[in-house]
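See below for the structure under consideration.
So that the names make sense, note that chain A is the first sequence line, chain B the second, and so on, each numbered from 1.
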Protein chains: 2
Amino acid sequence: MMFDGRSWRKEARQGMSGIADVAKLAGVSKSTASRALTGAGYVSDATRLRVVAAAAELDYVASTNAVSLATGRTQNIGVIMPYVTRWFFAEVLEGIHDALLQRDLDLTLYDARPGTQGRARIFEQFLARQRFDGLIAVGLEPSDHELERLLAIDRPVVGVVGEGGATSVVAIDDDNVSRRATEHLIGLGHRRIAFVGGGTGDFWSFVDQQRLQGYLETMATAGLSAYAEHAPSPVDLPGGYAAAVDLLAGVRDRPSAIVATCDEVAIGTIVAARRLGIRVPADLSVIGIDNHEYAEMFSLTTLAQQPREQGAAAVELLVEHIRDPGLPPTRLLLQARLMMRSSTAPPPGAGSAAYLDSELGDVL
Amino acid sequence: MMFDGRSWRKEARQGMSGIADVAKLAGVSKSTASRALTGAGYVSDATRLRVVAAAAELDYVASTNAVSLATGRTQNIGVIMPYVTRWFFAEVLEGIHDALLQRDLDLTLYDARPGTQGRARIFEQFLARQRFDGLIAVGLEPSDHELERLLAIDRPVVGVVGEGGATSVVAIDDDNVSRRATEHLIGLGHRRIAFVGGGTGDFWSFVDQQRLQGYLETMATAGLSAYAEHAPSPVDLPGGYAAAVDLLAGVRDRPSAIVATCDEVAIGTIVAARRLGIRVPADLSVIGIDNHEYAEMFSLTTLAQQPREQGAAAVELLVEHIRDPGLPPTRLLLQARLMMRSSTAPPPGAGSAAYLDSELGDVL
DNA sequence: TTGAAAGCGATACCAG
DNA sequence: CTGGTATCGCTTTCAA
């Protein structure tokens, strides 16, 4: 006895034609149609053409669910990140998105803001669904428990920013980057150099820790530890602004230069300085890390990283891991480039005595 | 003859247990297990408990692909927007994301930047796949052809920002919003009021057109058409900065107040003014639209909209449309609220003659 | 209240 | 090179 299973959902793919329709129109079997369309297996050129024509004729689009079920591949990549509103993350996201688009892969977004209930749900429920062939984790900094959940999913994971360990990672060398920023300032003749940024209490991100570390070590190496000073702040523009006001306002012997943990903080610092009547770079040098979209407008000297490229590289890496699950974890380190603009200069009383940073030569 | 179809992909769901395993462990049939887990159909409490326990025991997670294939529901929502890096869009995205998370729905992101090849691919290929039960289009402003593709997909669509027409929309009344901004300035005694922002050539967004329109009409109504002036600029901070420099630098009889098309442009304007030695609000009043995260830091008076709420509302609307496909299109207009800060004041020579905007009363 | 079996729409094996 | 058929893992009908 025939049972019409369609009855309970006759509207589901209403109008959509399936591969059976294509096969019928082309006068071949479903198998052949499938082979012709996917390119897997032998099909004569003649029939392929007929099938392709039929598919076009019918506006055939394969049901991804059916394909996924049959192949075990979702053609979808998960992206999980702690912020989508911050510049770096949004840029990485776009880089990932564009790279995926080119490979015909979809992107499912998980916005896992630290400390939120949503984040917990993502780790407990959403990731377990494994609606993706692989996952890109951007600056995630998972807790031990979260990491465990992450490794429990049976799909390759690639990180952007951070250490990696068991998974592949693309990042810049954060320690080295703040070192170069600091050295640039020292090279200009500054001694009293402060570091602005990094967490306030709860969320001290790994990246910021590394950058502070690089700064401190560089100061120590230069024998400038006594001048080292750290003004913590939320890692955004208003945060940098507030921290800079605290650091600079009404103080007589303030630092002559500042290393900011990122451009947002650096720009906040510049805005604060201007408001306080402190001239940049005449009275105060500021260097950032990022090359934010606003950097040029504020003439900010910075170490440029390319988040879009990092996103694209992560996609490449992930795709390789999906193709070959046996691949060992890689650590891809991208270089940051010093962008000389005019927020840094020799310190106030330095005159011509200041010597130029070696890297400056590359630019001039 | 038995054929073991698993051979070609024995690793696919390795370790994952299916509903068959759950059923076996609970000592029931797959059907019963399914009913117990999904809550559809009759199951005795006793067996339900056993099934649920078995599922927990095995860490059972339903294969979304199989579920989708069987039910025709993907449990996934598509979000398409022209930018993910701009404040408003990123905020809406977070609002949508969080609302979806609560409803156990996934989010697939389509970043359709105007004029890019990727955008074309999204419309031609990705949307056609219909990997979602519904779509939210944020400030998309589709071309005729794009709109056609959009309507061709057999799924409900909800817009955020814009007109809507055939689809439901949540938005603020852009025309009215710039009217109120302009009236606020006029109320303070300003006459020479310029409008900054809006497209440069190619992309004149609908929203910006409406806001410019509202400004022009308000000026006309107040008999101030002669003073009206429009400085077009890219709709971002550097764009506002550049436009403001052009508008204000080295001019003797410059405007005493500016309506910016959004806060990013307004802030760019403030930064430019400060750099030029023009005091805000003493010499120049600036009002924006948005209540951007930086607005407070720049003491920006603005008409606050709540993008997160708009995103959440869009989700709500969309879910209703999915539940009941017959529902007629709705247009949900949210109110913007005037946030008085200190970037606006009576014009330079006004003294006590300036009268206060009626809306000011609400705040004081 | 439960179970058996027919789909959902594709892919991939095997035989021809 | 092509076609028949058994899956992928789940839901839903229908009969018991």
Quiz item: Out of dG9(C), dC10(D), dT2(D), which has the shortest distance to the side chain of Tyr42(A)?
Solution: dT2(D)
Quiz item: Salt-bridged, Glu57(B) to Arg50(B), with N to O below 4.0 Å?
Solution: no
Practice problem: With side chain to side chain contact (heavy atoms under 4.5 Å, CB included) as the test, would you mind laying out the steps for Thr74(A) and Asp133(A) before giving the verdict? | Solution: CA-CA 6 Å; Thr74(A) 63; Asp133(A) 297 329; 2.9 Å; yes
Self-check item: Five-pair end axes of the helix from dT1(C)-dA16(D) to dG16(C)-dC1(D), angle between them (10°)
Solution: 40°
Quiz item: What's the spacing between Asn65(A) CG and Gln130(B) CD if we round to 0.5 Å?
Solution: 11.0 Å
Quiz item: Are there more than 12 heavy atoms of other residues, nucleotides or ligands under 6.0 Å from atom CD of Gln102(B)?
Solution: no
Quiz prompt | Arg323(A) side chain to Val319(A) backbone, donor-acceptor under 3.5 Å | solution = no
Exercise. Grab the CD1-P distance between Ile19(A) and dC8(C) for me, whole Å please.
Key: 15 Å
Quiz item: Can you check whether Thr47(A) has a side-chain N or O nearer than 4.0 Å to OP1 or OP2 of dT2(D)?
Solution: yes
Quiz item: Does a salt bridge link Asp106(A) with Arg131(A), judged by any charged N lying under 4.0 Å from a carboxylate O?
Solution: no
Self-check item: Exercise: identify the closest heavy-atom pair between Gly118(A) and Leu101(B)
Solution: CA-CD2, 3.2 Å
Self-check item: Gln75(B) CD to dC10(D) P, straight-line distance once rounded to whole Å
Solution: 14 Å
Practice problem: Figure out the CG/P separation between Leu49(B) and dT1(C), and round it to whole Å. | Solution: 14 Å
Self-check item: Phosphate OP1/OP2 of dT2(C): any Ser44(B) side-chain N/O under 4.0 Å
Solution: yes
Self-check item: Nucleotide dT11(C), atom P - distance to CG of Leu37(A) in whole Å
Solution: 8 Å
Quiz item: Is Glu124(A) atom CD crowded by more than 12 heavy atoms from other residues, nucleotides or ligands, each under 6.0 Å away?
Solution: yes
Quiz item: Within this structure, what is the CZ-to-C1' distance between Arg131(A) and dG9(D), rounded to whole angstrom?
Solution: 14 Å
Exercise. Kindly say if Tyr60(A) contacts the phosphate of dA10(C), meaning a side-chain N or O under 4.0 Å from OP1 or OP2.
Key: yes
Quiz prompt | Interatomic distance, Asp45(A) CG vs dC1(D) P [rounded to whole Å] | solution = 8 Å
Practice problem: Pull out every residue in residues 20-35 of chain A that has a heavy atom closer than 4.0 Å to any atom of DNA chain C, ordered by number, or say none. | Solution: Lys30(A), Ser31(A), Ser34(A)
Quiz item: Between atom CG in Leu69(A) and atom P in dA6(D), what is the gap in whole Å?
Solution: 17 Å
Quiz item: In whole angstrom, what separates Arg73(A)'s CZ from dA12(C)'s C1'?
Solution: 15 Å
Quiz item: For Gln125(A), does the CD atom sit with more than 12 other heavy atoms under 6.0 Å from it, leaving out its own atoms?
Solution: yes
